[in-house]
Amino acid sequence: STSPMFHSSQRALLHATRKSVPCTSKFVGRLKPLCSQTSNEGEIEPIPDPSGSSKVGPIVDALLGKTIARAMSTISDEATSASTTQPQSGDTRSADVDTENIIDAVVSRASEQITKTPEVDVEESSSVSDSTSKQKNHEDKRKYLANPAVTPTALAHSFWGEVVQPYQDTIIDATAGNGKDSLVLASMLFPANNEDRDMISSPNRDNGINGGPRLICIDIQQRACENTLDLLQENLDSDIVDQYIDILHSSHAPLPSLEPESVGLVCYNLGYLPGADKEAFQTQMVTTIYSLADAAILLRDGGLLSVMSYPGNGWIEHCAVNYFMEGLAMFSSKRKDGWEGFVDSIPSDYDLELSHGKMYGDGQTKSTVEQGADSIRETVRLALERVKVDGFEQQTW
């Protein structure tokens with residue numbers, strides 16, 4: 001949705017593939033039961049609700065009160081009928097039916113059943129809890145989130161699965177965050193049942209991080225690196241984590257020094273780590289575009305550059321990423337002025353902010369940048385020039 005009320009969660013998925021057609025790109029709440037009981041005076045008294053729900057209690061009390069009233073009326077009528085009829089042999093009914101005692105007994109028994117706590121083997125419960133705690137921490141019951149037609153994240157994962165070569169590729173997660181994407185990449189690169197697993201050798205570490213298969217996870221925050229490592233260790237074999245995965249506490253710009261055209265996939269999830277200092281650690285346009293240029297140079301034939309951007313809270317970065325991706329596709333364009341002409345046509349920062357604000361903002365048309373500013377255009381131009389000069393000779397995206 002492009003409605004202003006959704007702008008903070010708006011996401012855009014952008015992909016660029018080398019030498020391929022460029023992409024243009026129940027809740028069920030369970031309430032603890034409430035019931036009522038009668039006092040010695042016959043008044044309805046609510047049993048305290050352990051869940052603390054102040055809204056549900058009165059409703060239940062009213063319903064139960066009416067139910068009890070109807071029951072008392074029915075029993076009273078039955079007692080009256082019994083008193084005017086001669087009891088047959090073996091009939092245990094009595095004309096003197098104590099309706100109050102009957103109602104009290106029924107409510108008391110119901111209360112006991114409702115509030116009764118089943119006995120639990122503490123040792124067994126503790127064992128089960130320990131064995132499943134790690135799984136529960138990261139298990140998401142919302143299965144629809146894995147549908148590529150529902151979320152951009154699932155769509156990105158579906159693209160990655162078509163590109164990653166198990167036990168062969170070098171893959172970079174340039175913004176590891178809490179490690180969820182890293183775990184998905186690891187499952188693709190190191191599938192449990194794969195005949196290539198027994199054929200791989202130890203990675204070459206003579207020249208730092210180089211050679212495949214490798215998964216390189218990068219984040220500028222130490223906390224994010226730790227979260228990523230913990231998640232991978234909980235879900236992968238220790239030998240996979242120790243031998244084939246590197247977690248780097250560093251910025252995504254520049255990317256690690258690797259051989260050109262040696263990487264199968266580089267992915268980004270821009271923005272900031274949930275719960276962290278947004279102002280201090282949010283990704284920025286200049287470093288992100290520089291990193292994307294690094295990625296474009298490193299990608300092999302058929303490799304994929306995948307970026308998740310957030311136009312609602314990082315419009316400058318989002319616009320620059322958009323134009324950089326389009327610029328890659330323009331390398332093979334047949335237009336007369338080529339990719340340079342495309343870059344020249346990028347609007348000024350002022351115009352971009354106004355148009356962006358109308359689509360994602362709160363309706364205000366006041367710009368916060370100078371009318372002559374062109375930082376987005378020039379940042380994209382420098383990055384594309386570097387890819388064109390330092391990248392492979394024939395580039396088709």
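Along the sequence shown, residues carry numbers from 1.
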Kindly write out the residues that satisfy side-chain contact (heavy atoms from CB on, under 4.5 Å) with Thr153, not counting sequence neighbours, or none if the list is empty. Arg11, Thr151, His157, Asp181, Met308

Quick one: list whatever passes side-chain contact (heavy atoms from CB on, under 4.5 Å) with Ile316, sequence neighbours left out.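 Partners of Ile316 by the side-chain contact (heavy atoms from CB on, under 4.5 Å) criterion, ordered by chain and then number, come out as Met285, Ile376.
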
[atom1] of [X] to [atom2] of [Y]: how many Å apart, nearest 0.5 Å?
X	Y	atom1	atom2	value
Asn235	Ile240	CG	CD1	13.5 Å
Ser345	Asp337	OG	CG	8.0 Å
Ser309	Asn322	OG	CG	6.0 Å
His318	Tyr310	NE2	OH	12.5 Å
Thr396	Phe331	OG1	CZ	10.5 Å
Leu229	Asp246	CG	CG	11.0 Å

Using a 4.5 Å cut-off on heavy atoms from C-beta on, say whether the side chain of [Y] contacts that of [X].
X	Y	result
Trp397	Ser332	no
Ile245	Phe190	yes
Phe159	Leu304	yes
Trp339	Leu384	yes
His249	Cys225	yes
Leu305	Met325	yes
Leu258	Ile172	yes
Pro256	Ile216	yes

Rest of the hydrophobic cluster containing Ile220 (Ile/Leu/Val/Met/Phe/Trp/Tyr, side-chain heavy atoms under 4.5 Å)?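 Listed partners: Phe281.
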
What residues join Val389 in its hydrophobic cluster, counting side-chain heavy atom gaps under 4.5 Å, either direct or through other members?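 Same cluster as Val389: nobody, lone residue.
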
Report whether [X] and [Y] are members of the same hydrophobic cluster (ILVMFWY, side-chain heavy atoms less than 4.5 Å apart, transitive linking).
X	Y	result
Tyr290	Ile218	no
Leu273	Leu232	no
Phe392	Phe324	yes
Val307	Ile289	yes

Over 12 non-hydrogen atoms of neighbours within 6.0 angstrom of CD in Gln222: yes

Selection residues 261-274 - residue pairs positive for salt bridge (charged side-chain N to carboxylate O under 4.0 Å, His left out), sequence neighbours left out: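 Passing the test, one end in residues 261-274: Arg18-Glu261.
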
Please list all pairs meeting salt bridge (charged side-chain N to carboxylate O under 4.0 Å, His left out) that have one or both residues in residues 308-334, counting only residues at least two apart or in different chains.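 Checked against salt bridge (charged side-chain N to carboxylate O under 4.0 Å, His left out) - neighbours excluded - no pair reaches residues 308-334.
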
Among residues at least two apart in sequence or on other chains, which ones pass side-chain hydrogen bond (donor to acceptor under 3.5 Å, both in side chains) with [X]?
X	result
Ser182	Asp173
Asp390	none
Ser251	none
Glu378	Arg381

Consider only side-chain N and O atoms of Asn269 and Thr175, and report whether a donor and an acceptor are under 3.5 Å apart.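 No, no side-chain donor-acceptor contact under 3.5 Å.
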
Between the side chains of Ser306 and Trp160, is a donor N or O closer than 3.5 angstrom to an acceptor N or O?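 Note: Ser306 and Trp160 side chains meet the donor-acceptor criterion.
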
Non-neighbouring partners of Tyr272 that pass ring-ring contact (aromatic ring centres under 6.0 Å, His included), sequence neighbours left out: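 Tyr272 satisfies ring-ring contact (aromatic ring centres under 6.0 Å, His included) with no residue once adjacent residues are dropped.
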
Would you please test Leu352 and Trp315 for side chain to side chain contact (heavy atoms under 4.5 Å, CB included) and show each step? CA-CA 9 Å; Leu352 283 172; Trp315 73 269; 4.0 Å; yes

Check step by step if side chain to side chain donor-acceptor pair (under 3.5 Å) holds for Asp374 and Ser348. CA-CA 5 Å; Asp374 57 358; Ser348 67; over 6 Å; no

Determine, step by step, whether Thr170 and Ser262 satisfy the side chain to side chain contact (heavy atoms under 4.5 Å, CB included) criterion, reporting the C-alpha distance in whole Å, the side-chain angles of both residues, the deciding distance to 0.1 Å, and the verdict. CA-CA 7 Å; Thr170 295; Ser262 64; 5.6 Å; no

Which residue is it: Thr228, Asp230, Asn227? I am looking for the one with a side chain to side chain donor-acceptor pair (under 3.5 Å) to Asn178. Asn227

Run the side chain to side chain contact (heavy atoms under 4.5 Å, CB included) test on Met188 and Val184 for me, step by step, so that the C-alpha distance in whole Å, both residues' side-chain angles and the decisive distance to 0.1 Å come before the verdict. CA-CA 6 Å; Met188 296 177 179; Val184 172; 3.6 Å; yes

Walk me through whether Leu248 and Cys217 qualify under side chain to side chain contact (heavy atoms under 4.5 Å, CB included). CA-CA 6 Å; Leu248 307 183; Cys217 311; over 6 Å; no

In a table with atom names and distances, give each donor-acceptor pair under 3.5 Å that connects a side chain of residues 291-299 to protein atoms at least two apart or in another chain.
unit_1	atom_1	unit_2	atom_2	d
Ser291	OG	His252	O	2.5
Ser291	OG	Tyr268	OH	2.7
Asp294	OD1	Arg386	NH1	2.8
Asp294	OD1	Arg386	NH2	3.1
Asp294	OD2	Leu255	N	3.1

Salt bridge flag under 4.0 Å for residues Arg300 and Asp169: yes

If you take all heavy atoms of Ala176 and Asp219, which pair is closest and at what distance? N-OD2, 3.5 Å

